[in-house]
Amino acid sequence: MNNIQKIQPLVKYSLLGLTSITLLSGVLLKPAFAADKNSTPIATKTATLENSKNIENIKNNDADSTLFRLLTNLKNMHAKFRQSLVNPQQGIKETSTGELWVSKPSFFKWQVESPQKQMLLSNGQKLWNYDEDLEQVTISEVPKNISQAPYLLLLTGDSKVLQKLFSITQNGEHTYRLTPKVNDQSLIKYIDITFAGSTPKSMLIQTEVGQSTHIEFYDISTAKIPAKTYDFTPPKGVDVLG
């Protein structure tokens, strides 16, 4: 499928209390200390800002570790999917359905059944894109940048790669947002991945131009997938490119 390539505050009340006490002290203390009353709120604001940053860092680290654990524990996944391409001006522009197979560390198969039959298959080194209607197979290298091929998120097991490429935050109880750290011309603004228990339930890929792709997974199985699922020989008579 070609278009896949385009493809909490815990101490708030304490900090507010500290600020209130500091301001009140500036009024109640002796005149000898009055000259210092303006410096205390500044120090308090600085401490408040630093504490807020620390809290945010802790939350982000928790989001990182939780997402890494979920993705690392996902060894196999077979599911049906519904994919919607949404344009902010036109609403839903295109909808497709099909099946997905993932087997770590390298195997991936994305089979679109409707509206047109198309298959994307990877063995970790080569990527086959088979368009049945066009009777054409395109063979290419597997993209190495996850932000260029978001489906690679389901295959990753390397937390360092994700940390290098994305800032990760928790956006809701079971949703994790991955925002690219650098502009790599992928046009991806962020990726949201939502889990149901320990398995991905949906992915949202939002682009810088406002267009988004929403993928919903259902009928999910994490049982081991037979190796032959990923066997592919281009049918006779089709054009093979690459």
Audit row: D62, Q170, side-chain contact (heavy atoms from CB on, under 4.5 Å) steps and yes/no: CA-CA 8 Å; D62 288 344; Q170 191 161 352; 5.7 Å; no
Before you tell me yes or no, could you show the steps for T213 and Q83 under side-chain contact (heavy atoms from CB on, under 4.5 Å), namely the whole-Å CA-CA distance, both residues' side-chain angles and the distance that decides it to 0.1 Å? CA-CA 7 Å; T213 300; Q83 175 174 284; 3.6 Å; yes
Give the intermediate values and the outcome of side-chain contact (heavy atoms from CB on, under 4.5 Å) for residues L121 and Y130. CA-CA 8 Å; L121 186 146; Y130 174 39; over 6 Å; no
Give the intermediate values and the outcome of side-chain contact (heavy atoms from CB on, under 4.5 Å) for residues M77 and L100. CA-CA 8 Å; M77 177 177 166; L100 162 76; 4.1 Å; yes
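The line from OG of S167 to NZ of K181 is 5.0 Å long, rounded to the nearest 0.5 Å. If you take OG on S106 and OH on Y230, they are separated by 10.5 Å, rounding to the nearest 0.5 Å. Rounding to the nearest 0.5 Å gives a distance of 12.5 Å between CG of L165 and OG1 of T179. Between the CG atom in L85 and the OG atom in S212 there is a gap of 7.5 Å [rounded to 0.5 Å]. A distance of 4.5 Å separates OG1 in T138 from CG in L241, rounded to the nearest 0.5 Å. A distance of 4.5 Å separates NE2 of H78 from CH2 of W101, quoted to the nearest 0.5 Å.
A donor-acceptor pair under 3.5 Å links the side-chain atoms of T229 to the main chain of P226, judged by distance alone. No side-chain donor-acceptor contact under 3.5 Å links K224 to the backbone of N76. Listed for the Q206 side chain is a donor-acceptor partner under 3.5 Å among the backbone atoms of G210. Distance alone, capped at 3.5 Å, places no donor-acceptor pair between the K109 side chain and the E99 backbone.
Listed here is the closest heavy atom pair of A79 and F217: CB-CB, 4.2 Å. Considering every non-hydrogen atom in both S103 and L155, the closest pair reads O-CD2, 3.9 Å. The two residues L70 and S198 have their closest heavy-atom pair at CD2-CA, 3.9 Å. Summarising the geometry of Q111 relative to F81, their closest heavy-atom pair is O-CE2, 3.7 Å, with the distance given to 0.1 Å. Among all heavy-atom pairs drawn from K126 and N123, the shortest one is N-OD1, 2.9 Å. Contact between L127 and S122 at its shortest, heavy atoms only, is CD1-CB, 3.7 Å.
Cluster membership check: F107 shares its hydrophobic cluster with I225, using side-chain heavy-atom separations under 4.5 Å among Ile, Leu, Val, Met, Phe, Trp and Tyr. Both I139 and M119 sit in one connected hydrophobic cluster of ILVMFWY residues. Membership requires side-chain heavy atoms under 4.5 Å apart, directly or through other members. At a threshold of 4.5 Å between side-chain heavy atoms, the hydrophobic network of Ile, Leu, Val, Met, Phe, Trp and Tyr places I220 and L154 in one connected group. Hydrophobic clustering, with ILVMFWY side chains joined whenever heavy atoms are under 4.5 angstrom apart, groups F166 together with L71. A continuous path of Ile, Leu, Val, Met, Phe, Trp and Tyr side chains, each step under 4.5 Å between heavy atoms, connects V142 with L120, placing both in one hydrophobic cluster.
Within the 4.5 Å cutoff, no side-chain heavy atoms of N129 are placed close to those of S140. Counting heavy atoms from C-beta on, the side chains of T72 and R69 never come closer than 4.5 Å. Between V86 and H214 there is no side-chain heavy-atom pair separated by less than 4.5 Å. The side-chain heavy atoms of L178 and L67, taken from C-beta on, include a pair separated by under 4.5 Å.
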Below 3.5 Å, can you tabulate the donor-acceptor pairs from side chains in residues 188-196 to any protein atom, sequence neighbours excluded?
from: D192; atom 1: OD1; to: R177; atom 2: NE; distance (Å): 2.8
from: D192; atom 1: OD2; to: R177; atom 2: NH2; distance (Å): 2.9
from: T194; atom 1: OG1; to: T175; atom 2: OG1; distance (Å): 2.7

